[in-house]
Amino acid sequence: MTSPYPAQIESWRQRRIARLTAPDGWLSVVGLFWLEDGENSVGSATGSRVALPARAPASVGTIRLEAGRAAFRPSAGVSVLVDGKPPAATAVVLGPDAEGTPTVVETGGLSFYLIARQDRLAVRVKDPDSEARRAFRGITSFPIDPSWRIEARVEQGAAPTPIAIPNVLGKETSEPSPGTLVFERAGKTYRLTPVLEQGETDWFVIFADGTNGRETYGAGRFLYVSPAKDGKTVIDFNKAYNPPCVFTDYATCPLPPALNRLPIRVEAGEKDYAHGETR
């Protein structure tokens, strides 16, 4: 009979894979295009600022960027949906992901939407028929080890404290941290600092450890923990997972801050997708 904890982790892994491989999951991302002020062409034609896969119309439309505001105008005769409906106007203002759920434009089975990163706007393109999605065969993980499910003490101040989080774009963002997670492993004490993400109730941890660049992705891994209750929470490293940058070149992943670089090997959670057998 399967014990409850391994079954819980296997169920978590299945949900994780389902999200990753969904038609609009990270494996479907096929492009990221930074917008310039003025008109930005969208389509499959050579030279399009937002270059769509070849099956898209040569010209799907244009995105006009002005004063930090982006408006999409579809080309005549091209069928598009905006948030699942025909556009109600000749030009549609695109809401970026930083404002919550972004405005999604669909055409011919493809979709694209606006992302905001610091002071720049880009268009991310998704294709459910992407090569990465079709070729996916699974992710290897370390064996499930209950000893890596660790109770942590939480050191919290009166209010969240901003910390600097670097990213793959070579920039930093200031993110609010609810406190510090203090835990022990093999008689030694370690600390991790989570951040609060917009729209999430759980705390987000970006960490590095001694397996990076060997068994696991070189830039570190992610995991979530529940908010503190009575000054404690649980860090379950069996739920450590690969950043989107492992699966696509078109993600803008955060990187572990210096204070989250653990001087130990965390032999739990997902291994690097690019190495080893898939399951």
Side-chain angles (χ1 to χ4, degrees), residues 3 5-17 19-21 25-27 132 135-154 163-170 172 175 177 180-195 197 202-226 233-249 251-279:
S3 62
Y5 180 69
Q8 291 172 14
I9 297 301
E10 286 295 348
S11 178
W12 177 88
R13 288 177 177 175
Q14 291 172 13
R15 295 193 301 274
R16 148 72 170 159
I17 296 300
R19 291 191 298 270
L20 181 66
T21 60
W26 279 109
L27 291 172
F136 183 77
R137 296 294 181 270
I139 305 172
T140 54
S141 296
F142 288 99
I144 298 169
D145 183 350
S147 75
W148 281 107
R149 184 182 186 275
I150 304 171
E151 183 176 82
R153 174 170 52 86
V154 181
I163 63 169
I165 300 293
N167 60 44
V168 297
L169 301 177
E172 287 186 348
E175 306 294 340
S177 173
T180 301
L181 311 176
V182 184
F183 67 97
E184 292 188 357
R185 177 76 181 178
K188 294 185 177 181
T189 301
Y190 303 97
R191 286 173 166 79
L192 287 171
T193 302
V195 295
E197 287 187 301
D202 286 346
W203 297 351
F204 183 44
V205 181
I206 311 156
F207 75 98
D209 72 273
T211 67
N212 296 162
R214 299 175 176 85
E215 297 94 334
T216 62
Y217 182 50
R221 290 178 290 170
F222 297 166
L223 60 80
Y224 284 93
V225 302
S226 298
T233 189
V234 171
I235 307 172
D236 195 339
F237 288 102
N238 290 290
K239 294 182 178 180
Y241 67 96
N242 286 313
C245 287
V246 172
F247 306 99
T248 177
D249 294 331
T252 60
C253 300
L255 299 171
L259 65 172
N260 280 2
R261 297 186 175 277
L262 297 173
I264 56 173
R265 288 174 52 84
V266 177
E267 296 178 345
E270 290 184 354
K271 295 184 178 181
D272 193 341
Y273 178 61
H275 301 284
E277 298 179 358
T278 53
R279 60 185 191 101

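Because the structure is predicted, anything quoted here is derived from the model rather than measured.
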Heavy-atom check, side chain of [X] versus side chain of [Y], under 4.5 Å:
| X | Y | answer |
| --- | --- | --- |
| Glu215 | Phe142 | yes |
| Val266 | Arg221 | yes |
| Cys245 | Val168 | yes |
| Leu181 | Val154 | yes |
| Thr252 | Asn167 | no |
| Lys188 | Ile264 | no |
| Ser177 | Pro194 | yes |

Which residues pass the side-chain hydrogen bond (donor to acceptor under 3.5 Å, both in side chains) test with [X], sequence neighbours left out?
| X | value |
| --- | --- |
| Asp236 | Tyr5, Asn238 |
| Ser147 | Asp145, Arg185 |
| Tyr224 | Glu197 |
| Ser11 | Arg15 |

Could I get the full list of side chain to side chain contact (heavy atoms under 4.5 Å, CB included) partners for [X], not counting sequence neighbours?
| X | answer |
| --- | --- |
| Leu20 | Arg16, Trp26, Leu27, Phe136, Ile139, Phe247 |
| Glu184 | Thr189 |
| Arg153 | Glu155, Val182 |
| Asn212 | Ala208, Asp209, Thr216 |

Taking all non-hydrogen atoms of both residues into account, name the closest pair between [X] and [Y] and its distance.
| X | Y | result |
| --- | --- | --- |
| Ile206 | Asn260 | O-ND2, 3.0 Å |
| Pro256 | Gly220 | CG-CA, 4.3 Å |
| Ala164 | Pro257 | O-CB, 3.8 Å |
| Leu262 | Arg191 | CD2-O, 3.8 Å |

Going from [atom1] on [X] to [atom2] on [Y], what distance comes out if it is rounded to the nearest 0.5 angstrom?
| X | Y | atom1 | atom2 | result |
| --- | --- | --- | --- | --- |
| Ile235 | Leu192 | CD1 | CG | 5.0 Å |
| Ile163 | Glu172 | CD1 | CD | 10.5 Å |
| Thr193 | Phe207 | OG1 | CZ | 13.5 Å |

Q: Using the test salt bridge (Lys or Arg N to Asp or Glu O under 4.0 Å), find all partners of Glu267 that sit at least two apart in sequence or belong to another chain.
A: Arg265
Q: Could you list the residues that satisfy ring pair (Phe, Tyr, Trp, His ring centres under 6.0 Å) with Tyr217, not counting sequence neighbours?
A: none
Q | Residues that Phe183 engages under ring pair (Phe, Tyr, Trp, His ring centres under 6.0 Å), provided they are two or more places apart | A | Tyr190, Phe237
Q. Which side chain to side chain donor-acceptor pair (under 3.5 Å) pairs, counting each pair once, include a residue from residues 239-249, with sequence neighbours left out?
A. Asn242-Glu270
